[in-house]
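Remarks on the structure that follows.
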2 protein chains.
Amino acid sequence: MSERRLPPVVARMWGRETSPRHGPRPSLDLARIVDAAIRIADRDGLDGVRMSSVAREVGMATMSLYRYVGSKDELLIAMADAAAPEPPALDGRAWRDYLTDWTRANRDFLLGRPWLLALGQHTPPAGPRALRWLDRALAALAGTGLGHGERINIATTLTGYATRQASLAHALNVAAAGEPIAGLTEYADILGEVLDPDGYPALTEAVHANAFGVAEEWIDDADFTFGLDLLLDGIQALIDRRREH
Amino acid sequence: MSERRLPPVVARMWGRETSPRHGPRPSLDLARIVDAAIRIADRDGLDGVRMSSVAREVGMATMSLYRYVGSKDELLIAMADAAAPEPPALDGRAWRDYLTDWTRANRDFLLGRPWLLALGQHTPPAGPRALRWLDRALAALAGTGLGHGERINIATTLTGYATRQASLAHALNVAAAGEPIAGLTEYADILGEVLDPDGYPALTEAVHANAFGVAEEWIDDADFTFGLDLLLDGIQALIDRRREH
DNA sequence: AGGGATTCTGTACCACGTACGCTGTATCGC
DNA sequence: GCGATACAGCGTACGTGGTACAGAATCCCT
């Protein structure tokens with residue numbers, strides 16, 4: 001009744017296959033196709049993922065794939081979910097420890113499969129894997145006294161942070177590819193060339209202070225931790241405020 | 001010398017046109033093309049932006065555009081920068097007031113031009129507009145005693161937050177389109193249908209507690225402010241820590 | 001004045017997603 | 001069992017959209 005909005009492939013991701021009574025058995029399943037597509041994306045990037053190349057990888061004709069996915073877009077949606085690993089185990093850790101780990105793991109698998117970033121998967125999570133990630137974050141926040149809505153909100157914010165960090169790190173890595181040294185230094189050089197101090201006073205100052213050179217750790221863990229701690233400190237403050245009431 | 005990495009169109013965005021000695025004068029400039037493309041995107045969405053449609057809009061042949069942009073991708077990059085408005089004026093406000101405004105304005109213009117989200121513009125900022133946004137945020141943080149690197153970091157994190165919020169809000173708005181009631185309620189229904197309590201204990205509990213129904217304000221300003229305050233509280237804590245030293 | 005670089009354009013090509021219809025096959029009703 | 005039926009797999013063909021290429025028109029420079 002409400003399945004209308006979500007892509008049909010989501011239903012299939014949950015195993016809601018309407019097993020038909022008539023006809024030959026399917027020689028494949030969605031998972032095998034999605035795995036093949038992910039293998040190609042890992043090897044050749046997202047551009048390498050074509051209906052024809054996926055079909056070749058699973059040993060079928062191109063058009064046969066359309067028995068399993070409604071369109072290429074649906075395939076990409078299924079890929080986005082299946083490409084994520086399982087979330088870290090909670091193991092009774094305190095919320096802050098766990099969420100630090102969780103967020104870092106989130107960023108890391110995005111960096112390991114950069115094509116996930118290009119996918120622009122900005123939809124609310126609907127696949128089994130994505131929801132398991134959400135579930136674990138909520139579980140970690142269970143003892144904090146925060147409301148359900150707040151917990152969801154926090155999980156969302158942290159995923160957003162992980163995604164953003166991964167995007168930036170990847171963009172800089174790509175920019176730096178070929179040159180052993182760095183992407184950021186070069187970025188700063190370009191800024192220096194192009195900026196006029198009148199229109200961009202604060203930026204110019206930052207560039208001259210070599211802020212970007214120093215911030216080479218933008219890609220780095222130190223920097224990741226920095227921003228993450230901003231968020232976690234904020235969450236901590238919220239928890240404390242709630243407890244005082 | 002270091003221009004190698006950035007797309008050539010970036011140079012043109014900064015007016016670094018190498019005015020040639022010979023030949024007919026160009027009858028157009030990059031800005032006019034980009035404006036036309038933005039107009040189309042606003043009207044017909046990103047799919048409406050085709051080299052042919054943009055050319056028609058400016059009254060030229062399709063291939064003529066390639067005198068101004070190296071490829072469609074370059075055009076999209078230029079659009080991403082030009083489509084942003086100017087950042088809010090600082091007006092001597094305190095950093096927290098200003099950055100609240102700044103982040104909200106950031107989210108708002110993304111919501112006003114949702115195709116910017118589809119663009120997946122996850123590159124470090126390089127256009128004049130994007131850098132002006134960065135510059136203003138840095139200026140707002142000038143009196144805080146934070147280092148340049150930290151300020152850049154904060155600005156980055158806040159843009160990330162604005163982007164994420166805009167993405168979610170837009171995704172839910174789209175999902176809700178057609179049905180007057182809501183996207184989130186429906187989302188919760190689907191989750192309820194599909195979830196098994198064993199694999200997703202915390203999520204199931206949240207759904208049963210109607211957390212999503214209550215969190216209908218996900219799209220809402222209350223929710224936006226909630227997450228933003230988490231960040232700002234974290235920043236405040238950092239400033240205080242620095243001051244104590 | 002004329003040479004050469006540069007703009008604009010039409011044509012053509014190629015890549016890719018996918019609609020359509022055919023063929024074979026496995027299950028169901030009798 | 002036996003035909004009817006529905007569905008899997010697939011080959012062909014089309015449409016769309018980016019862009020390479022080459023010719024013609026244009027205008028600056030010497």
Side-chain angles (χ1 to χ4, degrees), chain A residues 7-9 11-12 16-34 36-37 40-41 43-80 115 118-120, chain B residues 7-9 11-12 16-34 36-37 40-41 43-80 115 118-120:
Chain A
V9 78
R12 269 189 277 235
R16 292 290 160 87
E17 317 253 358
T18 52
S19 22
R21 315 266 168 258
H22 280 325
R25 258 158 294 170
S27 56
L28 242 61
D29 56 4
L30 179 60
R32 225 179 285 272
I33 293 176
V34 170
I40 294 174
R43 187 183 341 116
D44 306 330
L46 205 51
D47 289 342
V49 178
R50 294 177 282 253
M51 296 308 273
S52 54
S53 66
V54 175
R56 201 177 320 117
E57 181 87 9
V58 295
M60 295 188 62
T62 303
M63 290 311 292
S64 304
L65 297 182
Y66 286 91
R67 294 280 157 197
Y68 300 87
V69 295
S71 68
K72 184 180 180 179
D73 282 335
E74 283 194 10
L75 174 58
L76 294 177
I77 290 174
M79 288 171 68
W115 50 267
L119 222 42
Chain B
V9 77
R12 270 191 275 236
R16 292 289 162 87
E17 317 252 359
T18 52
S19 19
R21 318 264 169 260
H22 282 322
R25 256 159 296 170
S27 56
L28 243 62
D29 55 5
L30 179 60
R32 224 180 285 271
I33 293 176
V34 170
I40 294 174
R43 187 183 343 117
D44 306 330
L46 205 52
D47 290 342
V49 178
R50 294 177 282 252
M51 295 308 272
S52 54
S53 66
V54 175
R56 202 177 320 117
E57 181 87 9
V58 295
M60 296 187 64
T62 304
M63 291 310 293
S64 305
L65 298 182
Y66 286 92
R67 290 285 138 192
Y68 300 88
V69 295
S71 68
K72 183 180 181 180
D73 282 335
E74 283 195 11
L75 174 58
L76 294 177
I77 290 174
M79 288 172 66
W115 51 266
L119 222 43

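Sequence lines set the chain letters: A, B, ... in the order given, protein chains first and strands last, and positions in each chain run from 1. Only this structure's heavy atoms are used, side chains among them; waters, hydrogens and symmetry mates stay out.
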Angle of first-five versus last-five pair axes in the helix from C/dA1-D/dT30 to C/dC30-D/dG1, to 10 degrees: 10°
D/dC28 phosphate, OP1 or OP2, under 4.0 Å from B/Arg25 side-chain N/O: yes
Whole-Å distance separating the CG atom of B/Asp47 from the P atom of D/dG17: 9 Å
Spacing of A/Met51 atom CE relative to C/dA19 atom C1', expressed in whole Å: 13 Å
Length of the line joining B/Asp73:CG and D/dG17:P, which is rounded to integer Å: 16 Å
Length of the CG-P vector between B/Leu75 and D/dG17, whole Å: 15 Å
Residue pairs passing the salt bridge (charged side-chain N to carboxylate O under 4.0 Å, His left out) test where at least one lies in residues 54-65 of chain A, sequence neighbours excluded: A/Arg39-A/Glu57, A/Arg43-A/Glu57
Distance, rounded to the nearest Å, where B/Leu30 contributes CG and C/dT7 contributes P: 14 Å
Atom pair distance, as rounded to whole Å: CZ in B/Arg50 and C1' in D/dT19: 16 Å
Contact check, side chains of A/Thr62 and A/Arg50, non-hydrogen atoms, under 4.5 Å: no
Spacing of B/Asp44 atom CG relative to D/dG17 atom P, expressed in whole Å: 12 Å
Proximity to DNA chain D (any heavy atom under 4.0 Å), residues of residues 53-67 of chain B only: B/Thr62, B/Met63, B/Tyr66
Interatomic distance where CG belongs to B/Leu46 and P belongs to D/dG17 [whole Å]: 13 Å
Backbone N/O of A/Leu28 and side chain of A/Tyr68: donor-acceptor pair under 3.5 Å: yes
